[in-house]
Peer 1: 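Quick one: the structure is below, and I'll ask about it shortly.
Here is the naming used below: chain letters follow the sequence lines, and residue numbers restart at 1 for every chain. These numbers come from the heavy atoms of this one structure, side chains and all, not from hydrogens, waters or symmetry mates. Since the model is a prediction, treat every value here as computed from it, not as a measurement.
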Protein chains: 2
Amino acid sequence: MIPPLHWNDEAFRVDLLDQTRLPVEEHWLEIETPEAMAEAIRMLRVRGAPAIGIAAAYGVVLALRGEDAASPQQTALETIEMLAQTRPTAVNLFWALNRMREAVAAHPEVSRGALRNRLLEEARAIEAEDREAGRRLGAHGLTLFEDGMTVLTHCHAGGVATSGFGTALAPLLLAGDRGVRLRAYVDETRPLLQGSRITAWELGRAGVPATLITDSMAGHVMQQGRVDAVIVGADRIAANGDTANKIGTYTLAVLAHAHSLPFYVSAPVSTIDFDTPDGAAIVIEERASREVTHGFGRQTAPDGVAVYNPAFDVTPARLITAIITEHGVVRPPFEATLRVLRDERVAAAQ
Amino acid sequence: MIPPLHWNDEAFRVDLLDQTRLPVEEHWLEIETPEAMAEAIRMLRVRGAPAIGIAAAYGVVLALRGEDAASPQQTALETIEMLAQTRPTAVNLFWALNRMREAVAAHPEVSRGALRNRLLEEARAIEAEDREAGRRLGAHGLTLFEDGMTVLTHCHAGGVATSGFGTALAPLLLAGDRGVRLRAYVDETRPLLQGSRITAWELGRAGVPATLITDSMAGHVMQQGRVDAVIVGADRIAANGDTANKIGTYTLAVLAHAHSLPFYVSAPVSTIDFDTPDGAAIVIEERASREVTHGFGRQTAPDGVAVYNPAFDVTPARLITAIITEHGVVRPPFEATLRVLRDERVAAAQ
């Protein structure tokens with residue numbers, strides 16, 4: 001398990017891995033104030049939707065660190081507003097801060113110390129629930145792999161983006177504990193190199209034997225029989241199973257199909273968007289051309305060259321062997337099986 | 001046409017494009033001595049097998065630039081030996097220098113001025129023959145494309161690697177002259193980025209509308225219907241048509257097949273190795289891991305990470321729609337059609 005942060009109870013602070021210094025340096029920041037946490041979120045020192053939510057929740061706790069004459073409820077609510085400004089499009093951030101806001105609202109009269117304890121409890125619960133979901137996702141995923149297998153993965157959907165287990169990487173990070181030896185090929189994942197910068201570092205840290213390749217080598221390693229399966233995360237899964245994920249995922253799905261290899265998507269149920277009927281309804285974000293032309297602090301393409309830089313692509317459901325969630329593994333026809341998964345959850349919650 | 005060098009008759013020198021400064025700067029070197037030419041070859045200022053051969057041939061001419069009491073034949077032969085040391089594995093270099101050596105041997109008694117003229121004539125012939133082959137290759141390739149088409153290409157098999165037309169890029173570079181408008185998507189081609197550094201620059205220089213993408217985007221642009229065909233060069237073509245080319249080529253062939261797009265290999269007949277029965281007999285060169293981990297002057301992967309960095313992959317003949325050569329376009333079954341191409345050439349030469 002590779003968590004992005006640790007609550008340090010003795011020092012009443014958060015020890016937070018500075019992900020911007022990876023992979024060259026594993027540097028831990030000592031975060032003692034909500035302002036320092038806001039800076040860390042804003043500067044992408046902590047990244048990945050679940051990890052941001054957890055970091056923000058602890059950031060609220062830090063507002064009640066010392067003694068102060070002000071109303072602790074008021075201080076906490078102001079801190080929540082401040083932290084909500086750090087990453088304006090991060091849905092998980094608002095979801096976590098809403099839980100903190102509700103915890104404050106439920107205790108309008110308690111003392112500073114009591115509120116502090118209650119908020120710390122809530123932040124820990126948010127972290128623990130995510131960790132438990134990751135553990136269950138990893139356990140479900142592991143049912144698909146056998147000892148000695150090699151999987152190919154793309155981008156980063158691992159521990160430090162969540163509370164420690166990740167999504168696509170959860171089966172790999174959990175395998176060691178279960179006595180299953182898995183190996184990995186890691187796509188570097190241009191343009192932003194999340195694969196080489198973060199996934200390769202994380203698997204090395206977790207003791208999973210990993211080999212780094214450029215994205216263009218994926219077909220070749222499959223052709224050579226070096227890979228048994230492909231596993232990727234998801235940014236959004238449509239109701240029919242069509243999956244939007246980091247650019248390059250679709251190419252891997254086509255390659256896996258051509259080599260008769262299973263292609264797995266691993267994501268929490270919250271990623272499934274039942275209001276999106278299929279992939280055609282998913283708008284592909286285009287990003288700045290400099291990510292391609294000046295990707296590493298150096299200009300590597302001619303001035304003024306036209307660049308196409310889509311952040312995601314859409315893999316059609318017909319190329320997906322199974323979708324791994326924290327509530328189980330579902331297989332085609334996804335239009336039906338994803339709905340069953342949802343209905344079972346709704347029933348279980350009632 | 002984008003030639004890598006020009007013979008400057010007035011100044012009796014070679015004006016040579018410094019390819020190491022691309023794509024940021026188009027800097028031309030004034031090469032006046034064989035030593036300066038040797039340095040340019042050694043430092044990859046001129047690269048690509050045909051271009052190196054042509055550069056070395058002109059380098060021999062430069063040995064007779066001024067006046068000197070020494071035997072001009074002796075001077076030329078010593079220069080040929082010196083230039084042969086610059087790139088020890090470049091077959092085209094030795095082939096071109098052999099032609100220069102034979103030209104010296106055929107004129108043992110002539111004056112310095114006469115030998116200089118004869119050697120200049122031979123270097124110009126080597127260049128002109130390569131250019132004519134490139135023009136014919138491009139013309140044959142153009143028969144496969146229609147006005148308004150968009151092709152996707154990988155790595156660099158273009159003008160400055162040859163005498164000006166290239167191989168994979170020859171149809172694109174020739175299209176404008178023939179009134180055919182083609183557009184291109186250019187894979188950046190990790191790890192060494194020949195696509196973004198050289199191909200994108202060259203197509204821009206030739207006025208061919210080109211859009212740069214990362215290698216991982218090729219599947220997505222095909223899925224979106226943005227591409228009509230794929231065209232690549234070749235490092236070696238086996239007798240059955242299996243083709244070794246820059247890593248990533250096989251992935252493109254699988255993608256083209258999955259999208260029912262034609263996949264063309266464009267290469268001179270000299271690339272076909274009839275002594276290699278099929279792709280299984282081709283040894284794949286593995287290169288240093290630093291090309292992947294420190295590709296841009298900055299470390300982008302963790303210390304000590306395992307890296308697999310094959311320089312080439314092999315595309316099986318069954319995924320190749322046609323092979324374009326300077327003697328015509330051949331289609332499957334390549335085992336038979338490549339042999340016919342060879343036999344026709346042998347017959348024509350007799």
Side-chain angles (χ1 to χ4, degrees), chain A residues 22-24 154 185-191 193 196-197 200-201 204-205 209-221 223 226 246-255 257-259 284 289 292-293 295-310 312-314 316, chain B residues 22-24 154 185-191 193 196-197 200-201 204-205 209-221 223 226 246-255 257-259 284 289 292-293 295-310 312-314 316:
Chain A
L22 294 178
V24 179
H154 190 68
Y185 276 93
V186 178
D187 274 1
E188 65 173 4
T189 317
R190 280 280 284 150
L193 298 175
S196 57
R197 289 191 297 111
W201 170 83
R205 190 80 160 52
T211 301
L212 181 65
I213 57 174
T214 67
D215 306 327
S216 60
M217 294 169 192
H220 177 65
V221 300
Q223 185 189 30
R226 294 169 179 252
K246 182 62 61 199
I247 188 73
T249 301
Y250 170 67
T251 288
L252 290 181
V254 171
L255 288 169
H257 186 78
H259 293 87
I284 303 291
S289 58
V292 176
T293 59
F296 309 87
R298 186 191 288 182
Q299 180 176 347
T300 54
D303 287 327
V305 67
V307 173
Y308 179 50
N309 184 19
F312 306 105
D313 56 29
V314 175
Chain B
L22 294 178
V24 180
H154 191 68
Y185 276 93
V186 178
D187 273 1
E188 64 174 5
T189 318
R190 280 281 283 151
L193 298 176
S196 57
R197 289 191 298 110
W201 170 82
R205 190 80 159 54
T211 300
L212 181 64
I213 57 174
T214 67
D215 306 328
S216 60
M217 294 170 193
H220 178 65
V221 300
Q223 185 188 31
R226 294 169 179 251
K246 183 61 61 199
I247 187 72
T249 301
Y250 170 67
T251 288
L252 290 182
V254 171
L255 288 169
H257 186 77
H259 293 87
I284 303 290
S289 58
V292 177
T293 59
F296 309 86
R298 186 192 288 185
Q299 181 176 346
T300 54
D303 287 327
V305 67
V307 173
Y308 178 51
N309 184 18
F312 306 105
D313 57 27
V314 175

Peer 1: Of the listed residues (A:Gly248, A:Pro310, A:Pro302), which shares the most heavy-atom pairs with chain B below a 4.5 Å separation?
Peer 2: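 So the answer, after comparing A:Gly248, A:Pro310, A:Pro302, is A:Pro302.
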
Peer 1: With a 4.5 angstrom heavy-atom cut-off, is it the side chain or the backbone of B:Arg298 that approaches chain A, or both, or neither?
Peer 2: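 For B:Arg298, the contact with chain A is made by the side chain alone.
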
Peer 1: Report which part of B:Asp215 has an atom under 4.5 Å of a heavy atom belonging to chain A: side chain, backbone, both, or neither.
Peer 2: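 Contact with chain A is through the side chain of B:Asp215 alone.
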
Peer 1: Evaluate the criterion side-chain contact (heavy atoms from CB on, under 4.5 Å) for residue pair B:Met217 and A:Asn309; output intermediate values, then yes/no.
Peer 2: CA-CA 8 Å; B:Met217 294 170 193; A:Asn309 184 19; 3.2 Å; yes

Peer 1: At a heavy-atom separation under 4.5 Å, does B:His259 approach chain A through its side chain, its backbone, both, or neither?
Peer 2: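 For B:His259, side-chain heavy atoms alone lie under 4.5 Å from chain A.
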
Peer 1: Measure up the B:His220 and A:Tyr308 rings against each other and bin them: parallel (under 30°), tilted (30 to 60°), perpendicular (over 60°).
Peer 2: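 Ring orientation of B:His220 relative to A:Tyr308: parallel.
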
Peer 1: Go through the steps for A:Leu22 and A:Arg197 under the test side-chain contact (heavy atoms from CB on, under 4.5 Å), then give the verdict.
Peer 2: CA-CA 6 Å; A:Leu22 294 178; A:Arg197 289 191 297 111; 5.6 Å; no

Peer 1: Taking the side chain as every heavy atom from C-beta outward, state whether B:His154 and B:Thr189 have any atom pair closer than 4.5 Å.
Peer 2: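 Answer yes - side chains close enough.
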
Peer 1: Does any heavy atom of chain A fall under 4.5 Å from the side chain of B:Tyr250, the backbone, both, or neither of them?
Peer 2: side chain

Peer 1: Is it the side chain or the backbone of B:Ala200 that comes within 4.5 Å of chain A heavy atoms, both, or neither?
Peer 2: both

Peer 1: So which atom in B:Ala306 and which in A:Ala210 form the shortest heavy-atom distance, rounded to 0.1 Å?
Peer 2: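 What the structure gives for the nearest pair is CB-O, 3.5 Å.
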
Peer 1: Taking the side chain as every heavy atom from C-beta outward, state whether B:Glu188 and A:Pro191 have any pair of such atoms under 4.5 Å apart.
Peer 2: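 Of all side-chain heavy-atom pairs linking A:Pro191 with B:Glu188, none is under 4.5 Å.
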
Peer 1: Checking A:Thr293 side chain against A:Ala301 main chain: does a donor-acceptor pair fall under 3.5 Å?
Peer 2: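 No, the answer is negative, given that no donor and acceptor are paired below the 3.5 Å cut-off.
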
Peer 1: Checking A:Ile213 against B:Val292 for the side-chain contact (heavy atoms from CB on, under 4.5 Å) test, could you report, in this order, the C-alpha distance in whole Å, the side-chain angles of both residues, the deciding distance, and whether it holds?
Peer 2: CA-CA 7 Å; A:Ile213 57 174; B:Val292 177; over 6 Å; no

Peer 1: Would you mind checking which part of B:Arg205 comes under 4.5 Å of any heavy atom in chain A, side chain (CB onward), backbone (N, CA, C, O), both or neither?
Peer 2: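 Neither part; nothing is under 4.5 Å.
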
Peer 1: Which atoms of A:Ser289 are under 4.5 Å from chain B, going by heavy atoms: the side chain, the backbone, both sets, or neither?
Peer 2: neither

Peer 1: Of the listed residues (B:Asp313, B:Thr211, B:Asp303), which shares the most heavy-atom pairs with chain A below a 4.5 Å separation?
Peer 2: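 When all of B:Asp313, B:Thr211, B:Asp303 are compared, B:Thr211 has the most.
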
Peer 1: Taking every non-hydrogen pair under 4.5 Å, which of B:Leu193, B:Ile247, B:Val186, B:Thr249 racks up the most with chain A?
Peer 2: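 Greatest number of close heavy-atom pairs with chain A: B:Ile247.
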
Peer 1: So which of B:Gly204, B:Pro209, B:Gly219 has the biggest tally of heavy-atom pairs under 4.5 Å with chain A?
Peer 2: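 It is B:Gly219.
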
Peer 1: Need one label for B:Val221: side chain, backbone, both or neither, based on atoms under 4.5 Å from any heavy atom in chain A.
Peer 2: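 It is the side chain, since no backbone atom gets that close.
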
Peer 1: Mind checking whether B:Ser216 and A:Asp187 have side chains closer than 4.5 Å, heavy atoms only?
Peer 2: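 When only atoms from C-beta onward are counted, A:Asp187 and B:Ser216 do not touch, as no gap falls below 4.5 Å.
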
Peer 1: What part of A:Val305 is in contact with chain B, defined as an atom under 4.5 angstrom from a non-hydrogen atom: side chain, backbone, both or neither?
Peer 2: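 Just the side chain, heavy atoms under 4.5 Å.
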
